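Data block below; observations after.
On a predicted model such as this, the values are computed, not experimentally measured, just so you know. Reckoned from all heavy atoms, side chains included, excluding hydrogens, waters and symmetry mates.
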Protein chains: 2
Amino acid sequence: MRSTAEARRVTVLNTAVSVFARAGFHATPVTAVAAAAGISEAYVFRLFSGKLGLFVAAAGACFDRIAAAIEAGAERAGGDSPEEILDAMGGAYAELIADRDLLLFQVQAQAVTDIPEIAEAVRAGYRRVATFVQSRAGASDAQVQQFFAYGQLCHLIVTAGLEQVPEPWARALTAGIRHP
Amino acid sequence: MRSTAEARRVTVLNTAVSVFARAGFHATPVTAVAAAAGISEAYVFRLFSGKLGLFVAAAGACFDRIAAAIEAGAERAGGDSPEEILDAMGGAYAELIADRDLLLFQVQAQAVTDIPEIAEAVRAGYRRVATFVQSRAGASDAQVQQFFAYGQLCHLIVTAGLEQVPEPWARALTAGIRHP
DNA sequence: CTTGTTTGTGAGTGCACACTTACAAACATG
DNA sequence: CATGTTTGTAAGTGTGCACTCACAAACAAG
């Protein structure tokens, strides 16, 4: 026994988030996740109940990391007002998704919500983040809504590669968005 | 000859938008599009250069319809101020995506932007819509950005099915969004 | 009617990939 | 050392799907 199954699961999940992020659920063979994790495809199928189980578990890991980052960001807020806390949370989130994997995985997960298990995982993830943002920042409904609206705008900016587009319309959409 | 090739292409593209919208590019076999359009798979491959060509052309058709709807909505604006025109555009867009196909297709397209041809089609679509919104409404950069941010929020609401979630966090995210 | 062009299809072909099974090696426990 | 359990894999199996090709029917023009 080189490693315990539980430890393997953790490393496989983190690599799964990165690998699924590139091409999505259907276009990513389990072989690709296994190779990136350095183990055989057969063992991935023993550690998780099929490809769908792996993806759902990866979604859980993805939102775990997002929630943790936002939580840590709130601790570093400059003051106690909702605006200051939301700003600190936004900064922490922007810093977290600099490597793009967590952002792209969310996009991929939203694209396969026709699979009920994935839809439920996505809802659970946003439920966790949204309830925390609202309670921790003491923000109004409208502030929470705005927080997520501009978060989703980041998804468009990154997937379409708008940071690289010098035209005015792209500059307007990316203005003020923190280092994407 | 029952129909001209060009007329076939138009009908195939509209059905392709609906069919791709459900399961996305990789999970949708060309057979499904052909069956929905009432022709054989082989003929779809003659009308378009492969599955990728079909999807890219469908993306063009999707953004054509969105641009046309927003353009028509602007004509029905109550006044000439940017706020009134943006509001009319938003209403027209909300009305258009009531059947969900155009919205879900955009989500699917954003998820496969790792394919360069699709990324370019997405950029072209948003370029067209964004430049029109800005010039027609005479809106500021910040107003255009806000318009698209809340548009992207609709994508999350619909894919995650948040209209059906009665919990407070979901109500906060969906508040004020027009009849999704 | 003959010849040519366009619209349309049925029947393949080859490959990628989800998932299984049989088997082996490492470790634990008595 | 013997027996059992857990970690790990190599080598299949079956199926679904992108794409092709040979062929047919409708129409046009002479």
Q: Just compare C:dC17, D:dG8, D:dT20 and give me whichever is closest to any side-chain atom of A:Arg8.
A: D:dG8
Q.
Salt bridge check, B:Arg136 against B:Glu75: does any charged N sit closer than 4.0 Å to a carboxylate O?
A. yes
Q | Side-chain-base donor-acceptor pair under 3.5 Å for B:Glu41 and D:dC19 | A | yes
Q) When all nucleic acid strands are considered with a 4.0 Å heavy-atom cut-off, which category describes B:Ala5: base, sugar-phosphate, or nothing? A) sugar-phosphate
Q: Give the rounded distance in Å between these two atoms: CZ of B:Phe45 and P of C:dT13.
A: 18 Å
Q. What's the CZ-P distance between A:Phe25 and C:dC17, to the nearest Å?
A. 13 Å
Q: Among the candidates C:dC17, D:dA18, C:dC19, find the nucleotide nearest to the side-chain atoms of B:Lys51.
A: D:dA18
Q) Taking 4.0 angstrom as the limit, do B:Arg127 and B:Glu120 come out as a salt bridge? A) yes
Q) Side chain of A:Pro29: nearest nucleotide among C:dA18, C:dT9, C:dT21? A) C:dA18
Q: Let me know the distance between CZ of B:Phe20 and C1' of D:dC17, rounded to the nearest Å.
A: 13 Å
Q: Please state how far atom CZ in A:Phe48 lies from atom C1' in D:dT7, giving the value in whole angstrom units.
A: 15 Å
Q: Find the distance B:Ile39:CD1 to C:dG10:P and express it as a whole number of Å.
A: 12 Å
Q. Where do A:Lys51 and A:Phe20 land on the side chain to side chain contact (heavy atoms under 4.5 Å, CB included) test, with the steps shown first?
A. CA-CA 11 Å; A:Lys51 187 182 183 180; A:Phe20 278 127; 4.2 Å; yes
Q. How about A:Thr113 and A:Gln110: does a side-chain donor come under 3.5 Å of a side-chain acceptor?
A. no
Q) Taking atom P of C:dT6 as reference, at what distance in whole Å does atom CD of B:Glu6 sit? A) 14 Å
(Q) Using a 4.0 Å heavy-atom cut-off, does B:Arg46 contact any base of the nucleic acid, only the sugar-phosphate backbone, or nothing at all? (A) base
Q) Looking at D:dT7, D:dC21, C:dT7, which one has an atom nearest to any side-chain atom of A:Tyr43? A) D:dT7
(Q) By nearest atom, which of the nucleotides D:dT9, C:dG10, D:dA18 is closest to the B:Val30 side chain? (A) D:dA18
Q: Assign A:Thr28 to base, sugar-phosphate, or nothing according to its heavy-atom contacts below 4.0 angstrom with the strands shown.
A: sugar-phosphate
Q. Between B:Phe55 and B:Phe25, what is the ring plane arrangement, given parallel below 30°, perpendicular above 60°, and tilted in between?
A. perpendicular
